Amino acid sequence: MAIFLTKDSKVIVQGMTGAEGMKHTRRMLAAGTDVVGGVNPRKAGARVDIGGRTVPVFGSVREAMDATGADVSVLFVPPPHAKTAVTEAADARIPLAVVITEGIPVHDAVAFQAYARARATRIIGPNCPGLISPGQSNAGIIPADITKPGRIGLVSKSGTLTYQLMYELRDIGFSTCVGIGGDPVIGTTHIDALAAFETDPDTDLIVLIGEIGGDAEERAARYIADHVTKPVVGYIAGFTAPEGRTMGHAGAIVSGSSGTAAAKKTALEAAGVSVGATPTETAGLVVALLGDPAGTPGNVA
């Protein structure tokens, strides 16, 4: 199994005919993703040859879903048009919308997140790398060739750190890697992913990557203490960040002791999470818990 995205997922791409949409649709197809269509009202009826596959273009998400049975949309839409595109996907009641776009105004994100939630459309992002279930499907921009299928679940605010941990733990592999994005207002949270991994029989251990700013990691720590029985390993980016400045992601701002890496680390460790000081140390903690990938089991109690 996997969470949110499997080999049976049928993916459409809003903005597929743009430069970024074309590039990453090609990569998704190469990873085995079942991309069944694109959406562009100005090019409805066209058929595009991408990576040895002919992909039809539809005028709307609803048309694409009716014609193909799509249940996932990946959005490569410029920031000024992202709210409209997400609203369209939610109106069509697509189960999962992966919003790659960065630079979306916060008030737009607030509006479309609430709109999608009311229509039972799960949003991943915005400003995220998407998600991948290695060997099954890839929805977004995560490189598919840096890891393999395995039994680690990964949820991360940071795209770059997602890739690094995937690569460092490539000998063990992953069930699903979810990049939730680091903007102040996101759809799927650490807690949502933790809950899904907890019930996934093919995930043995969860890696949680956070960063300075906000209290998402502290809330995740409380959830882990109360609801998660599987081992969790964490990493928090930003121990050297100066106070009071926005660092990288729009949500990564520290004020006083609130939102600091040290406070997040303390909260996670109090919940029983092993927290690494560096990404490489974090990977080492995973190996110690799961055991040598060559076959020597570790203690995951």
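Keep in mind that what you see is a predicted model, and the values were worked out from it rather than measured. Positions are given from 1 along the sequence. Values below: every heavy atom of this structure, side chains too, minus hydrogens, waters and symmetry copies.
- Cluster annotation: Val48 and Val36 are assigned to distinct hydrophobic clusters (Ile/Leu/Val/Met/Phe/Trp/Tyr, side-chain heavy-atom contacts under 4.5 Å, transitive).
- For Lys265 (side chain) and Val275 (main-chain N/O), no donor-acceptor pair under 3.5 Å exists by modelled atom type.
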| message | Walk me through whether Ile12 and Ile94 qualify under side chain to side chain contact (heavy atoms under 4.5 Å, CB included). | response | CA-CA 10 Å; Ile12 58 173; Ile94 199 159; 4.1 Å; yes
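- When every heavy atom of Phe174 is checked against every heavy atom of Pro134, the shortest pair comes out as O-CD, 3.6 Å.
- The closest side-chain heavy-atom distance from Leu268 to Ile224 is below 4.5 Å.
- Exactly one of Leu29, Thr25, Val72 qualifies for a side-chain contact (heavy atoms from CB on, under 4.5 Å) with Val11. That residue is Val72.
- One hydrophobic cluster, built from ILVMFWY side chains closer than 4.5 Å, cannot hold both Phe112 and Leu96; they sit in different ones.
- In terms of heavy atoms, Val232 sits closest to Val273 at O-CG1, 3.3 Å.
- Considering only heavy atoms from C-beta on, Phe197 comes within 4.5 Å of Ser175 through its side chain.
- Counting only heavy atoms from C-beta outward, the side chains of Leu289 and Val233 approach each other to under 4.5 Å.
- Partners of Lys10 under the salt bridge (Lys or Arg N to Asp or Glu O under 4.0 Å) rule, at least two apart in sequence or in another chain, are Asp34.
- With hydrogens and angles ignored, the 3.5 Å screen pairs no side-chain donor or acceptor of Arg27 with any backbone N or O of His24.
- Here the straight-line distance linking atom CG of Leu285 with atom OG1 of Thr280 works out to 11.0 Å at 0.5 Å rounding.
- The minimum heavy-atom distance linking Thr121 with Ala90 is given by the pair OG1-CA, 3.6 Å.
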| task | Carefully, step by step, assess Phe76 and Ile141 under the rule side chain to side chain contact (heavy atoms under 4.5 Å, CB included). | result | CA-CA 10 Å; Phe76 294 96; Ile141 64 174; 3.7 Å; yes
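- Under the 4.5 Å side-chain criterion, counting only non-hydrogen atoms from C-beta, Asn127 is not in contact with Ile104.
- Between Met28 and Gly140 the shortest heavy-atom distance is SD-N, 3.4 Å.
- Side-chain N or O atoms of Thr68 include one that pairs as donor or acceptor with a backbone N or O of Ala70 at under 3.5 Å.
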| request: Tell me, with the steps shown, if Arg151 and Asp202 meet side chain to side chain contact (heavy atoms under 4.5 Å, CB included). | output: CA-CA 6 Å; Arg151 304 188 69 86; Asp202 288 337; 3.6 Å; yes
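- In plain terms, the two heavy atoms of Cys177 and Thr162 that are nearest each other are CB-CG2, 4.4 Å.
- Across all their heavy atoms, Leu208 and Ala220 have their closest contact at CD1-CB, 4.0 Å.
- Residue Glu168 holds its CD atom at 10.0 Å from CG of Leu161, rounded to the nearest 0.5 Å.
- With contacts defined as side-chain heavy-atom distances shorter than 4.5 Å, the pair Ile142/Met166 qualifies.
- Checked by atom type and distance alone, the side chain of Arg62 pairs as donor or acceptor with a backbone atom of Ala92 at under 3.5 Å.
- Linking Ile, Leu, Val, Met, Phe, Trp and Tyr whenever their side-chain heavy atoms come within less than 4.5 Å leaves Leu131 and Val77 in two separate clusters.
- Between the side chain of Ser73 and the backbone N or O of Ala97 there is no donor-acceptor pair closer than 3.5 Å.
- Counting heavy atoms from C-beta on, the side chains of Asp91 and Tyr115 come closer than 4.5 Å.
- Side chain of Ser133 to main chain of Thr6: no donor-acceptor pair is present (N/O by atom type, distance under 3.5 Å, no hydrogens or angles).
- The 12-atom threshold is not exceeded at CD of Glu102, counting heavy atoms of other residues, nucleotides or ligands nearer than 6.0 Å.
- Under the 4.5 Å side-chain heavy-atom criterion for Ile, Leu, Val, Met, Phe, Trp and Tyr, Ile212 and Val185 are members of distinct hydrophobic clusters.
- In terms of hydrophobic clustering, with Ile, Leu, Val, Met, Phe, Trp and Tyr side chains grouped at heavy-atom distances under 4.5 Å, Ile123 and Val98 are assigned to different clusters.
- Side chain of Gln14 to backbone of Ala85: a donor-acceptor contact under 3.5 angstrom is found.
- Using a 4.5 Å heavy-atom cutoff, the side chains of Asn40 and Met16 are not in contact.
- Contact of the Asp192 side chain with the Arg122 side chain is registered, since non-hydrogen atoms from C-beta on lie closer than 4.5 Å.
- Judged by distance alone, the side chain of Glu88 and the main-chain N or O of Val61 form a donor-acceptor pair under 3.5 Å.
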| request: Show your reasoning for whether side chain to side chain contact (heavy atoms under 4.5 Å, CB included) applies to Lys157 and Ile180. | output: CA-CA 5 Å; Lys157 277 186 177 179; Ile180 60 175; 4.3 Å; yes
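- Side chain of His227 to main chain of Arg222: no donor-acceptor pair is present (N/O by atom type, distance under 3.5 Å, no hydrogens or angles).
- Judged by distance alone, the side chain of Thr176 and the main-chain N or O of Ile3 form a donor-acceptor pair under 3.5 Å.
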